[in-house]
Amino acid sequence: MAQYKNWEFDSVKKPIFNQTEIDNLQLGFPVPEMFFGHNQLSIKHPQFELLLNASEAIGMVPEATEIRVVHSKHWKDKNLEISKPYDWTYQTPYIGSCQNVFEDTETQIDLEKLMRNDPILFYDHIVLFEDELGDCGTVQMDVRIRVMPSCFLVLLRHFLRVDGVLFRIRDVRWYHEFDTAHVIREITEKKSDYDQMVRKLPFTQNGPDLSMLTDVQWVCKTIPDTRLVSLQKCKVKL
């Protein structure tokens, strides 16, 4: 936990859920292989409260997905026992829980300020869930927070790689400068065909460096186009 000015930042990181805890969720579908159901980040202020929680995120997984792979029949047969179909890539639309009223804005996140070499007052990385999608790729949802003397930034990221099909990244950023009276929430998406990313791989003596396809940072930087889904802000009194 950390406190700065009239803001409080608290993170929880615990082991993955056991079977009893999973059953208590009553989701009706299998959770990811690595499901950190207790993990969360909370931010509190007299005029603002944000919660990013693994159990809330997994509870919003849709009942179906359009994504299919070579092993789709294997997946269908494997999950005949569940009570309803589900998105086996766990593409939750979760952006966090916040009761403040947001409205569209043209106010941008100050990237130059974030790139400055300012002291880090508080930092944490919280994994919410991970899964290898039955050896068909990987999906991960995690949270990062960085608090500096001038501002804080929270990044909630959903990263999806389906081998032979696609890459998809959905980022939700929460940003606040301590001398302003608002919090910015930005939602962006990146998407690329799998083959397109393979063509951009760096080469080694043994050919394309396929290990880069598992490097989230490399994938994020390499996908050329970012789609702005939403840019909003809410008022917070100083």
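Residue indices begin at 1 and follow the sequence shown. Note that these values count all heavy atoms, side chains included, but never hydrogens, waters or copies made by symmetry.
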Could you report the tightest heavy-atom contact between [X] and [Y], atom names first, then the distance?
X      : Y      : answer
His182 : Ile184 : CD2-CG1, 3.8 Å
Cys98  : Glu49  : SG-O, 3.4 Å
Met212 : Leu201 : CB-CD2, 3.7 Å
Val172 : Arg185 : CG1-CG, 4.2 Å
Pro93  : Pro62  : CD-CD, 4.5 Å
Ile126 : Val12  : CG2-O, 3.9 Å

Enter the distance from [X]:[atom1] to [Y]:[atom2] here, rounded to the nearest 0.5 Å.
X      : Y      : atom1 : atom2 : answer
His125 : Arg144 : NE2   : CZ    : 4.0 Å
Lys237 : Asn6   : NZ    : CG    : 12.5 Å
Met60  : Ser55  : CE    : OG    : 13.5 Å
Gln140 : His158 : CD    : NE2   : 10.0 Å
Lys191 : Asp225 : NZ    : CG    : 12.5 Å
Thr222 : Gln217 : OG1   : CD    : 10.5 Å

SB check Asp163 Arg161 (cutoff 4.0 Å):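 Yes, charged N to carboxylate O under 4.0 Å.
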Side-chain ion pair, Arg157 and Asp171, N-O less than 4.0 Å: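 Judged by the 4.0 Å cut-off on N to carboxylate O distance, Arg157 and Asp171 do form a salt bridge.
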Report yes if the side chains of [X] and [Y] come closer than 4.5 Å at any heavy-atom pair, otherwise no.
X      : Y      : result
Val127 : Met34  : no
Leu114 : Met148 : yes
Glu8   : Met1   : yes
Val139 : Leu133 : yes
Phe29  : Tyr90  : yes
Lys14  : Asn39  : yes
Ser42  : Leu51  : yes
Leu213 : Val219 : no

Identify whether [X] and [Y] are in the same connected component of the hydrophobic contact network (ILVMFWY, side-chain heavy atoms under 4.5 Å).
X      : Y      : result
Ile109 : Leu50  : no
Trp218 : Tyr194 : yes
Val154 : Tyr4   : yes
Ile22  : Trp88  : yes

Flag if over 12 foreign heavy atoms under 6.0 Å of NZ, Lys113: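 Check passes, neighbour count above 12.
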Neighbour count above 12 (heavy atom, 6.0 Å) for Lys200 NZ: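 Yes, NZ of Lys200 has more than 12 neighbouring heavy atoms, counting only those of other groups under 6.0 Å.
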Students often mix this up, so state it plainly: with edges at 30° and 60°, are the rings of [X] and [Y] parallel, tilted or perpendicular?
X      : Y      : answer
Trp174 : Phe102 : perpendicular
Phe152 : Phe9   : perpendicular
Trp7   : His45  : tilted

Residue pair Val147, Phe178: steps toward the side chain to side chain contact (heavy atoms under 4.5 Å, CB included) verdict: CA-CA 10 Å; Val147 181; Phe178 293 116; 4.1 Å; yes
Worked verdict on Thr89 versus Arg168 for side chain to side chain contact (heavy atoms under 4.5 Å, CB included): CA-CA 11 Å; Thr89 61; Arg168 184 177 291 166; over 6 Å; no
Steps toward ring-ring contact (aromatic ring centres under 6.0 Å, His included) verdict (Phe36, Phe129): CA-CA 6 Å; Phe36 299 89; Phe129 62 78; 9.6 Å; no
For the pair [X] (side chain) and [Y] (backbone), establish whether a donor and an acceptor sit closer than 3.5 Å, ignoring hydrogens and angles.
X      : Y      : value
His38  : Ile16  : no
Asp193 : Asp195 : no
Thr92  : Ala57  : yes
Lys190 : Cys220 : yes
Tyr94  : Ile58  : no

From CA spacing to verdict: side chain to side chain contact (heavy atoms under 4.5 Å, CB included), Val183, Asn100: CA-CA 10 Å; Val183 175; Asn100 293 68; over 6 Å; no
Stepwise side chain to side chain contact (heavy atoms under 4.5 Å, CB included) check, Arg170 with Ile95: CA-CA 10 Å; Arg170 185 170 184 268; Ile95 63 173; 3.5 Å; yes
